[in-house]
Amino acid sequence: MDIQNIGIVGAGQMGNGIAHVFSLAGYDVLLNDISQDALDQAIVTISRNLERQVSRGKIEQSEMDAALSRISTTLKLEELGVSDLVIEAATEREDVKNAIFERLLPHLKPETILTSNTSSISITRLASRTDRPEKFMGFHFMNPVPVMKLVELIRGIATDEPTYHALLKVVESLGKTAASAEDFPAFIVNRILMPMINEAVYTLYEGVGSVKSIDESMKLGANHPMGPLELADFIGLDTCLAIMNVLHDGLADTKYRPCPLLTKYVEAGWLGRKTQRGFYDYRGETPVPTR
């Protein structure tokens with residue numbers, strides 16, 4: 001099918017990044033959220049990130065202006081019904097995602113492809129709650145979306161070949177690379193990454209090292225661009241905990257048990273950069289470790 005109109009549910013960190021790359025690639029984007037403030041902030045963020053690309057010579061000013069002109073926003077979920085492709089990028093909670101699909105389905109065209117940007121939840125299970133499991137896929141972008149080149153494509157048990165190949169072409173049109181993953185908890189990237197982050201939290205919890213020493217050890221000893229605790233703050237500790245819970249519940253293996261310290265930070269509301277405190281305190285001029 002000819003995909004031109006993109007509907008995105010959720011204007012947060014992932015949703016606005018996805019809107020950014022699609023609009024820059026020439027697609028018309030309709031961005032939805034339940035909060036007007038979130039939509040307004042998303043446009044500010046997209047503009048700022050596009051300006052950064054212009055200043056670095058990666059795109060022209062005319063490309064930025066054209067990209068911004070292709071993005072519209074709406075508080076009404078039903079307005080996404082005109083879309084050829086819908087990407088759900090809401091919070092990593094299955095009940096929230098299912099409620100979105102239930103509200104959205106009556107307004108979609110029969111041929112619309114429905115996808116989720118979930119980083120861990122079963123695509124087969126999400127698809128089974130819709131009227132189009134054959135046109136449903138996992139469409140997992142990496143954060144930050146404008147920078148990261150990978151997109152995980154996850155087929156549910158009922159996903160048909162035309163849907164898969166249509167999304168494969170979309171990924172190519174964005175200038176990104178697709179990796180096909182089987183529908184197992186957390187797919188490929190987070191199946192490997194999140195247990196590493198969780199183990200770093202255990203290392204902190206057990207007093208093996210401080211926040212600073214753990215992060216510096218992995219940056220200087222393993223050549224990682226960010227330490228695991230710094231990365232956890234960037235992702236969001238609530239998201240890390242949610243993915244670890246999916247792994248633990250879905251695979252029934254104690255090695256995926258979330259670290260109690262990770263749970264404690266989330267219960268405290270210290271979720272990382274988005275709340276200004278996590279494993280680092282971001283309220284000053286430079287981040288300071290909290291342990």
Side-chain angles (χ1 to χ4, degrees), residues 1-12 14-15 17-19 21-22 27-33 77-142 145 150-174 176 178-191 239 242-243 246-247 249-250:
M1 63 178 296
D2 183 30
I3 295 176
Q4 289 297 327
N5 299 303
I6 311 298
I8 301 171
V9 184
M14 295 304 296
I18 294 169
V21 298
F22 270 96
Y27 294 91
D28 292 320
V29 174
L30 183 56
L31 183 61
N32 163 262
D33 201 281
L77 189 62
E78 59 270 20
E79 291 188 1
L80 270 61
V82 300
S83 305
D84 303 316
L85 167 64
V86 172
I87 305 165
E88 172 274 313
T91 187
E92 191 70 356
R93 285 176 47 193
E94 191 167 347
D95 58 335
V96 172
K97 295 178 186 298
N98 284 330
I100 289 169
F101 297 141
E102 185 176 348
R103 286 182 53 207
L104 184 60
L105 287 171
H107 307 286
L108 295 180
K109 301 181 292 185
E111 65 271 21
T112 296
I113 294 175
L114 188 57
T115 68
S116 176
N117 185 57
T118 178
S119 53
S120 61
I121 299 170
S122 167
I123 299 304
T124 296
R125 194 163 65 241
L126 290 174
S128 72
R129 299 290 297 271
T130 76
D131 62 355
R132 61 195 66 209
E134 72 287 348
K135 292 186 177 298
F136 192 103
M137 277 193 67
F139 204 27
H140 182 213
F141 288 80
M142 305 295 123
V145 181
L150 184 72
V151 181
E152 284 183 317
L153 295 182
I154 307 99
R155 282 179 275 198
I157 195 170
T159 306
D160 62 24
E161 285 297 312
T163 298
Y164 171 75
H165 286 290
L167 289 188
L168 192 60
K169 288 182 179 179
V170 168
V171 172
E172 291 172 353
S173 74
L174 299 176
K176 296 188 180 294
S180 295
E182 293 299 321
D183 188 18
F184 284 90
F187 320 129
I188 295 173
V189 172
N190 283 321
R191 173 74 175 267
T239 299
I243 295 170
V246 167
L247 280 166
D249 294 343

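This one's a predicted model, so the numbers in the text were calculated from it and none came from an experiment.
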Asp183 side chain to Ile123 backbone, donor-acceptor under 3.5 Å: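 Present.
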Evaluate the side-chain proximity of [Y] to [X]: yes if any heavy-atom separation is below 4.5 Å, no if none is.
X	Y	answer
Val86	Val9	yes
Leu153	Leu168	yes
Lys176	Val21	yes
Leu80	Leu104	yes
Thr115	Phe136	no

[Y]/[X] salt bridge by N-O under 4.0 Å criterion:
X	Y	answer
Lys109	Asp84	yes
Lys135	Glu111	no
Arg155	Glu182	no
Glu152	Arg191	no

Nearest-0.5 Å distance, CD1 of residue Ile154 to OG1 of residue Thr118: 8.0 Å
Pairwise distance CG(Asp2) to CD(Gln4) - rounded to 0.5 angstrom: 4.5 Å
Considering all heavy atoms, the nearest Ile113-Ala166 contact: CD1-CB, 3.9 Å
Taking every non-hydrogen atom, the tightest pair across Arg129 and Leu105: O-CD1, 4.0 Å
Candidate pair Ser120 and Glu92, rule side-chain hydrogen bond (donor to acceptor under 3.5 Å, both in side chains), full reasoning: CA-CA 8 Å; Ser120 61; Glu92 191 70 356; 2.8 Å; yes
Side-chain donor-acceptor contact under 3.5 Å, Glu134 with Thr163: no
Residue that, paired with Leu85, satisfies side-chain contact (heavy atoms from CB on, under 4.5 Å) out of Asn5, Thr112, Leu167: Leu167
